[in-house]
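Remember, it's a predicted structure, so these values are computed and weren't measured experimentally. Scope of the values below: all heavy atoms of this structure, side chains included, with no hydrogens, waters or symmetry mates. So you know, we letter chains A, B, ... as the sequences are listed, proteins then strands, and number each from 1.
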Amino acid sequence: MTTLAKDSMEAVFEGWTSTVGKPTMDSDVRMSTRNVDVHYGDKQAIYGVDLDIGKNEVLAMIGPSGCGKSTFLRTLNRMNDTIDICRITGDIILDGDNIYDKHMDVVNLRARVGMVFQKPNPFPKSIYDNVAYGPKIHGLVTRRAELDEVVETALRKASIWDEVKDRLDQPATGLSGGQQQRLCIARTIAVSPEVILMDEPCSALDPIATARIEELIAELSENYTIAIVTHSMQQAARVSHRTAYFHLGRLIEVGKTDKIFTAPEHKLTEDYITGRFG
Amino acid sequence: MTDQNMNAIERLATVKEERMKAKLGKRYAKEKRFRAYGVASIVIGLCFLAMLLGTIFTAGWSTFYATEIRLTVTYDADAIGVSDLNDESQLMFADWGALVKNAMKERFPYVSGRSDRRAMYSLVSSVAEYDLKDRLEANPELLGTTEEVWLMADDEIDALMKGQVDMSVPENERRISDLQNSLVESLIESGELKKSFNTTFFTNGDSREPEQAGIRGAMLGSFFTLLVTLALSFPIGVAAAIYLEEFAPKNRLTEIIEVNINNLAAVPSIVFGLLGLAVFINVFHLPRSAPVVGGLVLTLMTLPTIIISSRSAIKAVPPSIREAALGLGASKVQMVMHHVLPLAMPGMLTGTIIGMAQALGETAPLLMIGMVAFIADIPSGPLDSATVLPVQIFLWSDLPERAFVAKTSGAIMVLLGFLAAMNLLAVYLRKKFETRW
């Protein structure tokens, strides 16, 4: 981080009160967070984030490294539960259910809120088994034919079907990086989630594979709510409807993507998208 | 940057080539030297291995061949003193030795006199008569008939045939008399004496007669012991490793457990033997000398090895696979069972087989629990008294008969064969299940 960024950061946090723009929505809300704090041991990683994600919306989360955007994303399907020292307060509501409620089953939650990771991580099993795994463990299908259909549909939706239909029984690890990532997306949508979280899904891919994933995100947004963390501002500009800018654990600014990238209101947002730091 | 610095670097440029050349020569020399050290140490290691294997093979090779003598045996009911093979009381007083003696007398009618005859009889193993008894009991219709039988030669004759007896020393200083030598020569001439593969070595249990002693008892003892060890240590070790890696909270208690597992791996094995004696035999009253107790003791010994290697195999499974499973909504148990365990299995198996190989070669703790006894019977289960291969080697190495020297080395060869096979299996499994991501 440059001196400049540090100065502007301190200047801003002196009087930081709330997020610029409109983090909440009036209707068609799929997921909403209220006053979410995340601590790793003694260190606070997220400070009081209020944010809504609409139905069939693509929300991009941007910000410099270590700003907490990935941490925030992972709170949305409780992936942070696996980290012992991680503590989360505040409310995260998915379709009216608080996901941190004691009655909320994390297995159910993750079937509703799927996740695609930074590095393609197919299971070292066949392509078919990768996609079939989710429906199988949740008992979503009862017959083999039904499973075949689910697998095919998921692979088609992830626009990878044509490339793999003749080799479904071959190991998924033999696919290229871009194909693996699309397979991971297929695997996620095979359990028919409401929300798909994507944590820098293209950072390990070449530009062509990235373009295909971006196209795919646009197609998927017709049926799913997507929250995507990305380091590429061009990607955020291309794929998202709304953009949220995080800085050192705070949600600085939220708004329509066009507006954020053309007329940011907050100085930090402006500094970041004009490339002065980050 | 100042001018002075620039000058220093410019000055460097003028001498750079020359200095680098000088330095490079030294560097090459150093590398060559280093490689030479490596080669030398490997050569030394191989020399020791060759010496070890060489001595064992030269000493033990002969034990896989045994000398047999063909005799024409008449199953004469009068000579044995048995008229009915089902009559226990007759069998108890039967003179089976008479069968061999009569056959010998018939073969060499010219040998007379008590001591000469005794020397003649001792060409054949003193336990060969029981082979005849077994044959007769298996086929009672043989009683009264005559047949040609290959019988085991005495260990002294065996040694003579293997060139281990120096016939140039005076007769009273060697264990083969001139008469015996001439009898053997006539047997060789007529083809009634042969060297054949020593199946007895693999089918018999231990015996005081070297020519009858075999390692089947020890092999089965080792097998039952390892079976108990494997059946206990693999599931316990893997379950402990999974719990510690995947489920246990990281706190003071688990840290203490971890340190202690590592410490246990370094505890001398005889200590485990003492523990086995004190707990399994004295408290739980399990049978002494039994493979089940040996297996329990060796389980204690192998558990740390298996836990440590299983844990590192689990650690080596990339976290991305765990995240993928959890992200799809798999429960922790499903994640472990469906993904982590299959991927860690080759590593776990390798660790287990190496642990088993260690257990197979272990002697000290088994001495403590009585598996060092002389046991001629072949065990039929883990509760029967038995000994194991390394202990058998230890026992035979202590015996005075010359033939046991070869037996000892022969048993070592068998043990090394099993160890090599187990290690090869470990390598094979690792190669076969290796996953590439």
Side-chain angles (χ1 to χ4, degrees), chain A residues 73-74 76-85 105-125 129-140 154 171-175 177 180-181 183-193 196-199 204, chain B residues 238 241-258 310-350 428-437:
Chain A
L73 189 78
R74 291 166 67 96
L76 297 181
N77 74 341
R78 293 180 57 175
M79 279 303 277
N80 284 333
D81 285 13
T82 52
I83 303 165
D84 290 339
I85 56 168
D105 183 63
V106 71
V107 165
N108 258 327
L109 170 69
R110 288 181 190 148
R112 289 167 69 185
V113 183
M115 186 147 189
V116 177
F117 297 86
Q118 187 167 355
K119 203 178 135 243
N121 56 355
F123 301 126
K125 297 177 186 245
D129 287 342
N130 261 279
V131 183
Y133 184 66
K136 263 192 210 162
I137 56 168
H138 293 298
L140 302 182
T173 38
L175 296 171
Q180 288 189 7
Q181 194 62 301
L183 177 68
C184 291
I185 293 174
R187 184 173 68 185
T188 307
I189 55 188
V191 291
S192 170
I196 301 174
L197 309 175
M198 296 189 179
D199 190 356
Chain B
V238 168
I242 289 174
Y243 178 75
L244 286 174
E245 268 315 307
E246 301 285 346
F247 296 98
K250 301 275 171 284
N251 56 25
R252 183 60 75 75
L253 183 70
T254 48
E255 245 169 63
I256 291 174
I257 291 176
E258 198 163 314
S310 297
R311 288 186 71 178
S312 53
I314 292 170
K315 271 196 193 122
V317 175
S320 65
I321 298 291
R322 286 166 231 256
E323 284 199 321
L326 290 178
L328 273 176
S331 66
K332 217 160 180 184
V333 173
Q334 283 174 327
M335 172 192 91
V336 170
M337 287 300 166
H338 298 165
H339 301 287
V340 176
L341 206 52
L343 292 176
M345 205 35 100
M348 291 176 167
L349 286 180
T350 311
Y428 169 76
L429 286 175
R430 192 166 46 209
K431 283 266 177 291
K432 185 170 178 208
F433 294 112
E434 216 165 42
T435 329
R436 278 167 283 272
W437 7 74

(request) Give the ring-plane orientation class for F123(A) versus H339(B), where under 30° counts as parallel, over 60° as perpendicular and anything between as tilted. (result) parallel
(request) Could you tell me the separation between the OH atom of Y243(B) and the OG1 atom of T254(B), rounded to the nearest 0.5 Å? (result) 8.0 Å
(request) Would you confirm whether Q180(A), through its side chain, and T173(A), through its main-chain N or O, come within 3.5 Å as a donor-acceptor pair? (result) yes
(message) Less than 4.5 Å to any heavy atom of chain B: does that hold for the side chain of F117(A), its backbone, both, or neither?
(response) side chain
(message) Tell me the closest heavy-atom pair linking V191(A) and L140(A), and the distance in Å.
(response) CA-CD1, 3.9 Å
(message) Between K250(B), Q334(B), K332(B), who has the most heavy-atom pairs with chain A when the cutoff is under 4.5 Å?
(response) Q334(B)
(message) Taking side chain as everything from C-beta outward and backbone as N, CA, C, O, which of these in P122(A) sits under 4.5 Å from a heavy atom of chain B? Side chain, backbone, both or neither.
(response) backbone
(request) Examine whether an atom of R112(A) lies under 4.5 Å from a heavy atom of chain B, and if so say whether it belongs to the side chain, the backbone or both; otherwise answer neither. (result) neither
(message) Tell me the closest heavy-atom pair linking Q181(A) and Q118(A), and the distance in Å.
(response) NE2-O, 3.5 Å
(message) Only pairs of heavy atoms separated by less than 4.5 Å count here; which of A324(B), S320(B), A325(B) has the most with chain A?
(response) A324(B)
